[in-house]
Amino acid sequence: MLVTLLTIAEVVYVVVLAIWILFEKRPPVSTIAWILALIALPYLGFFIYFFLGRRRLERKRLRYRRARGADHGAPGDDAIAPAPRPAGAEREDPRVGDLDRLAMNSGEPPSTFADEVEVFHDAASTYDAIEAAIRAARHHVHVAYYIFDSGRVGTRFIDLLIERAQAGVKVRLLIDDVGSSGMKRDAVRRLEAAQITVTRFNPVSFSRLRSRFDFRNHRKIVVCDGRVGFTGGINLCDDYLPELDDEVPLGGAPARARRARARHGHPSPWRDTHVKLVGDAVRWLQLTFLCDYHYASGMLAREPEVFPPFTGAGRHRVQVVTSGPDREIRAIQDAYFAAMALARERVWVTTPYFIPDQAMRVALTTAARRGVDVRILVPRRSDSLVVTAAARSYFDAILATGVKIYEYTPTMIHSKTLVVDDFFAAVGTANLDIRSFRLNFEITAILYGETHARELARAFERDLASAVEVTPQTRAHLGLAWRAAEAGARVLSPLL
């Protein structure tokens with residue numbers, strides 16, 4: 001009798017939860033996987049689903065949406081209308097308007113003109129420019145990073161932020177709890193002693209499982225006085241520094257950079273790309289920071305200086321696009337897909353982690369079959385062997401359509417850029433992978449016009465000089481063991 005009752009209870013449990021999951025309208029594979037988990041792991045499956053499945057993510061989504069709707073003293077209707085083209089701005093490609101409308105209809109801000117746009121292709125010049133902007137700040141400095149550790153680079157900027165705070169500048173610091181786990185407590189205490197609020201995004205309690213938790217803030221943003229802003233791929237960590245002798249202290253940790261790069265197999269500083277914006281376009285970096293900051297801390301920034309008056313000047317059209325698990329619309333992926341679909345001459349992608357979903361594979365391969373020059377630049381070896389293997393598992397099918405793939409050999413290339421023809425250039429934090437488009441908070445600056453598209457194209461060509469082309473012939477010589485590793489890693493693609 002007891003066995004019968006337990007069997008009936010289990011059947012009812014599975015049927016009810018299966019119907020519940022079906023009504024969530026997940027992707028078919030995800031739906032089947034969760035239902036099978038509930039069947040194979042009675043009650044334990046429910047526990048896993050309840051704490052790690054959609055309900056948990058939806059609770060976080062609701063909280064983040066409230067932050068996005070909070071009153072940050074954000075710009076009014078006059079500043080969120082499409083910006084007219086100022087005198088002296090570059091002649092525009094008609095495709096720009098299509099992409100501008102796409103982003104706006106996805107809930108993103110319109111393109112805005114910046115007084116100045118500067119692209120950096122190495123960490124040293126990036127750090128110098130950010131440091132100069134922070135030193136020049138008179139009212140506030142807002143800093144958000146995925147990785148901000150306590151090594152040489154981190155110590156340099158910690159000292160600088162403390163100095164500016166002591167000079168009366170309001171400093172707000174937001175760091176991701178997983179990415180910035182290398183931020184030492186002593187460093188945090190020093191910052192807080194200087195009246196700097198250090199806020200961790202989405203704190204994680206189980207330290208041993210830190211690297212597997214999703215919903216990370218992968219953005220890198222610096223805003224000074226609401227008029228100067230930075231974003232891109234470069235973190236505040238020692239992976240970007242040249243080697244030092246072991247006896248030289250690195251922010252209190254000898255040879256930190258050397259050991260970190262040795263673990264990843266990269267003896268040289270990482271190659272990366274960042275961008276500086278000056279002018280009206282910075283307001284959208286600012287608003288993104290404030291939404292993230294409010295979500296993590298519950299605090300608002302209401303000072304009028306946070307959003308300087310809208311000038312309507314500038315000559316560089318820029319569109320700041322964000323995405324994250326708080327919304328169903330994947331605005332960055334949609335912008336990339338549409339730009340690739342509009343391409344006539346070239347689509348050149350640089351990404352350290354290449355795990356494309358079906359939409360990105362379709363965009364790349366159909367462009368190639370239309371005769372567009374499609375090239376993808378990835379590292380010969382990323383900082384994760386599993387990610388490297390998973391990325392290569394997509395190579396054969398993509399190469400067969402005419403797409404060209406290159407592997408950068410000198411070191412880890414960490415740039416996240418996209419160039420389409422001579423009208424579209426993107427620099428941001430989003431990789432061409434499932435995690436960036438679906439699970440992390442990301443930000444990208446789209447630079448419209450020939451000037452920046454050609455500059456990024458030249459940088460791409462310079463990187464190709466240090467890369468090796470992957471061809472069907474080289475792939476044909478792969479051993480069985482490596483092919484098995486690729487196949488196994490591919491199964492993990494949605495999690496990488």
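Start at 1 with the first residue, then count along the sequence.
Gln286 and His142 share a side-chain donor-acceptor pair at under 3.5 Å. Checked by atom type, the side-chain pair Ser436/Asp433 shows a donor-acceptor distance below 3.5 Å. Side chain to side chain, Asp292 and Asn217 meet the donor-acceptor criterion of an N or O pair below 3.5 Å. Judged by distance alone, the side chains of Thr231 and Arg219 never bring a donor and an acceptor atom under 3.5 Å apart. In this model, no donor atom of one side chain and acceptor atom of the other lie less than 3.5 Å apart for Asn440 and His218.
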Residue pair Leu456, Val427: steps toward the side chain to side chain contact (heavy atoms under 4.5 Å, CB included) verdict: CA-CA 9 Å; Leu456 280 183; Val427 178; 3.7 Å; yes
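Of the candidates Arg375, Arg380, Arg381, Arg475, Arg380 is the only one forming a salt bridge (charged side-chain N to carboxylate O under 4.0 Å, His left out) with Glu407.
A salt bridge does not link Arg315 with Asp115: every distance from a Lys NZ or Arg NE/NH1/NH2 to an Asp or Glu carboxylate oxygen is 4.0 Å or more. Glu92 and Arg317 are joined by a salt bridge, as a carboxylate oxygen and a charged side-chain nitrogen come within less than 4.0 angstrom of each other.
Ser181 contributes a side-chain N or O that, together with a main-chain N or O of Val178, makes up a donor-acceptor pair within less than 3.5 Å. Between the side chain of Thr126 and the backbone N or O of Asp122 there is at least one donor-acceptor pair closer than 3.5 Å. Side-chain N or O atoms of His452 include none that pairs as donor or acceptor with a backbone N or O of Tyr448 at under 3.5 Å. Checking side-chain atoms of His121 against main-chain N and O of Ala459 turns up no donor-acceptor pair under 3.5 Å. Not one N or O on the side chain of Asp280 forms a donor-acceptor pair closer than 3.5 Å with the backbone of Ala114. For Thr350 (side chain) and Leu377 (main-chain N/O), no donor-acceptor pair under 3.5 Å exists by modelled atom type. Side-chain atoms of Ser106 never come within 3.5 Å of backbone atoms of Glu108 as a donor-acceptor pair (strictly under, hydrogens ignored). Of the possible polar contacts, none joining the Gln319 side chain to the Ala103 backbone as a donor-acceptor pair under 3.5 Å is found. In this structure, Ser323 contributes its side chain and Phe437 its backbone to no donor-acceptor pair below 3.5 Å. Distance alone, capped at 3.5 Å, places no donor-acceptor pair between the Asp100 side chain and the Val96 backbone.
Scanning all heavy atoms of the two residues, the minimum distance from Lys220 to Gly232 falls at CD-O, 3.2 Å. Summarising the geometry of Pro410 relative to Ser466, their closest heavy-atom pair is CD-O, 3.2 Å, with the distance given to 0.1 Å. Summarising the geometry of Ala331 relative to Thr322, their closest heavy-atom pair is CB-O, 3.4 Å, with the distance given to 0.1 Å. Nearest heavy-atom pair across Val143 and Phe289 is O-CE1, 3.4 Å. Nearest approach of Ile355 to Ala390, heavy atoms of both residues: CD1-CB, 4.1 Å.
Separation of the Phe148 and Phe157 ring centroids does not fall under the 6.0 Å cut-off. Aromatic pair Phe201/Tyr146: ring centres not closer than 6.0 Å. The aromatic ring centroids of His274 and Phe120 lie 6.0 Å or more from each other.
Listed by first and then second residue, the salt bridge (Lys or Arg N to Asp or Glu O under 4.0 Å) pairs involving residues 354-369 are Asp357-Arg438 (not counting sequence neighbours).
Ring geometry for Trp270 against Tyr240 counts as perpendicular: the plane angle is over 60°, on a 0 to 90° scale with 30° as the lower cut.
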Extract all donor-acceptor atom pairs below 3.5 Å that involve side chains of residues 338-349 and protein atoms in other chains or at least two apart in sequence.
unit_1	atom_1	unit_2	atom_2	d
Arg346	NE	Asp421	O	3.1
Arg346	NH2	Asp421	O	3.3
Arg346	NH2	Asp422	OD1	2.5
Trp348	NE1	Asp373	OD2	3.3

